[in-house]
Structures are given as C-alpha cells and as structure tokens.
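Worksheet: one structure, shown below.
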Amino acid sequence: MANDLGTTHYTTPSDTEVVMARTVGAPRPLVWDVWTNPEHVPHWLTGPDGWLMPVCEIDLRPGGSWRYVWHNPETGGELEVHGAYREVSPPERFVTTESWGPEWPETVNVYEFAEQHGTTAITITAHYPTKAARDAAIATGMADGMAMSYNRLADYLKELR
C-alpha cells in the first residue's frame, strides 16, 4: 500500500474491513501523544468544517473507556461515539471497540503507528461485523470526514514541532 506523506489511502481488504492509512511528518512519540491525549485530540479530530469536539474523554489502558462528542454550533447537530480499549502498547498500537449508538453495530478498530526517518505511518483497520455494516459506514462519508481530520492532524503536528 502506498503511504506517502500528505495523502490518505482507503482500502477494503475484505468484506468486513476498511483500512485508512496516512503518513504524517512527525516522530511516532509525538503522533502517539497527539492521538491519545485528550488535551490534543479536540484540536484536530473534528471532521467536517464547522464541527467542534467539546467532550473528549480518554482512559488509555486495557479495559479503559473513551468518549467523544462533536457539536456543530451552526446547525445544533451533535454526534457521540464511545468505546473501550482492548489493548494499549505505546507508542506502537492500540485496539478499541467503537459504538455510534444502537442503530450502528459495534466495530473493533486497530490503530498502528510506525516511524521511519522522522515520519509516522498511521494505519487504522476497522473491523465490521458484516459487509452491510461496513458498506453503510462507508456510505456516511467517513472517508471525507477522516481526510479532513487527518489534514488538521498534520497541520496541528506542524504547530507543535
């Protein structure tokens, strides 16, 4: 898989998986901190323009939980997602469950961070219980929302360096 700096790649290696990959210009410990520290996450994981993340709770340990709430002040819209950490191996990998509410099935997501020459390749593999669930998630525009957040992540990392 190509994983060049600044481009987000999406693949569907099986009927129940989506892989999102992006390389950013920062060392792995910094990327890990920005991805797993609630002081940093609301600065970049905001999805489409106009959305904010007023709630970011992270208990980064196996069995710990996480919860994000996004709010769009213009429309009043609100989204919440939460889950639990199954595995945490800093600064290389963590595994979580993810739930968007009763109308969506829970997924298991594997986050991997690999550093090479001062850049970090981020790979997220989302495992859905069925092909229909995976296809429904893709149809929501998740790729576009994540690409916007990845772009903000890259910009935020530049600010911190």
Side-chain angles (χ1 to χ4, degrees), residues 1-48 51 53 56-68 70 79 81-100 104-131 133-135 137-138 140-161:
M1 171 189 308
N3 208 3
D4 50 308
L5 193 64
T7 303
T8 304
H9 298 274
Y10 295 89
T11 58
T12 52
S14 76
D15 284 349
T16 58
E17 295 175 304
V18 174
V19 175
M20 296 162 275
R22 173 79 177 245
T23 298
V24 294
R28 181 167 58 183
L30 178 60
V31 176
W32 175 271
D33 187 46
V34 166
W35 201 287
T36 61
N37 185 329
E39 292 179 23
H40 295 296
V41 174
H43 291 276
W44 63 270
L45 190 57
T46 56
W51 286 82
M53 180 188 280
C56 178
E57 301 168 349
I58 296 175
D59 181 10
L60 187 65
R61 60 181 175 83
S65 62
W66 62 275
R67 180 174 161 249
Y68 303 150
W70 291 274
L79 293 170
V81 63
H82 63 274
Y85 293 97
R86 289 185 169 181
E87 176 187 330
V88 178
S89 302
E92 299 172 7
R93 164 186 164 101
F94 63 91
V95 179
T96 73
T97 60
E98 178 179 305
S99 177
W100 289 86
W104 290 94
E106 184 176 82
T107 62
V108 174
N109 300 334
V110 178
Y111 297 79
E112 298 173 293
F113 303 85
E115 183 174 349
Q116 185 173 27
H117 308 297
T119 65
T120 301
I122 305 162
T123 304
I124 305 171
T125 304
H127 300 268
Y128 293 85
T130 64
K131 180 181 185 310
R134 182 203 68 180
D135 292 348
I138 291 171
T140 65
M142 68 184 270
D144 291 339
M146 278 304 294
M148 290 177 199
S149 289
Y150 274 129
N151 290 338
R152 282 194 196 90
L153 171 66
D155 291 343
Y156 185 65
L157 288 165
K158 287 178 188 173
E159 290 176 24
L160 296 176
R161 295 190 73 197

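What's counted below: heavy atoms across the whole structure, side chains too, no hydrogens, waters or symmetry copies.
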Shortest non-hydrogen separation from Pro62 to Arg86 and the atoms involved: CB-O, 4.0 Å
May I ask you to test the Thr12-Ile138 pair for a side-chain heavy-atom distance under 4.5 Å? yes
Can you list the steps and then say if Leu79 with Trp100 is a side chain to side chain contact (heavy atoms under 4.5 Å, CB included)? CA-CA 8 Å; Leu79 293 170; Trp100 289 86; 4.3 Å; yes
Ile122 vs Leu153, test: side chain to side chain contact (heavy atoms under 4.5 Å, CB included). Steps then yes/no. CA-CA 11 Å; Ile122 305 162; Leu153 171 66; 3.8 Å; yes
Does the side chain of Thr120 reach to within under 4.5 Å of the side chain of Trp32, using non-hydrogen atoms? no
Evaluate the side-chain proximity of Val88 to Thr36: yes if any heavy-atom separation is below 4.5 Å, no if none is. no
Ser14 side chain to Glu17 side chain, donor-acceptor N/O pair below 3.5 angstrom: yes
Just list the side-chain donor-acceptor pairs under 3.5 Å for residues 108-119, sequence neighbours left out, or say none.
from   : atom 1 : to     : atom 2 : distance (Å)
Asn109 : OD1    : Thr107 : OG1    : 3.3
Asn109 : ND2    : Glu98  : OE1    : 2.6
Glu112 : OE2    : Arg93  : NH1    : 3.4
Glu115 : OE1    : Arg28  : N      : 3.0
Thr119 : OG1    : Gln116 : O      : 2.9

Any side-chain heavy atom of His40 sitting closer than 4.5 Å to one from Cys56? no
Could you check if a side-chain atom of Met20 sits within less than 4.5 angstrom of a side-chain atom of Met142, using non-hydrogen atoms only? yes
Is there a side chain to side chain contact (heavy atoms under 4.5 Å, CB included) between Met146 and Thr8? Walk through the geometry before answering. CA-CA 9 Å; Met146 278 304 294; Thr8 304; 5.7 Å; no
Identified side chain to side chain contact (heavy atoms under 4.5 Å, CB included) counterpart of Leu45 within the set Tyr150, Trp51, Tyr68: Tyr68
Hey, mind stepping through Thr123 and Val19 against side chain to side chain contact (heavy atoms under 4.5 Å, CB included) and telling me if it holds? CA-CA 7 Å; Thr123 304; Val19 175; 3.7 Å; yes
So, taking the atom named NE2 in His127 and the one named CZ in Arg134, what distance separates them when rounded to the nearest 0.5 Å? 12.5 Å
Aromatic ring proximity Trp66/Trp35, centre distance under 6.0 Å: no
Minimum-distance pair of heavy atoms, taken over all atoms of Ala137 and Tyr128: CB-OH, 3.4 Å
Give the minimum heavy-atom separation between Met148 and Pro48, together with the two atoms involved. SD-CA, 3.3 Å
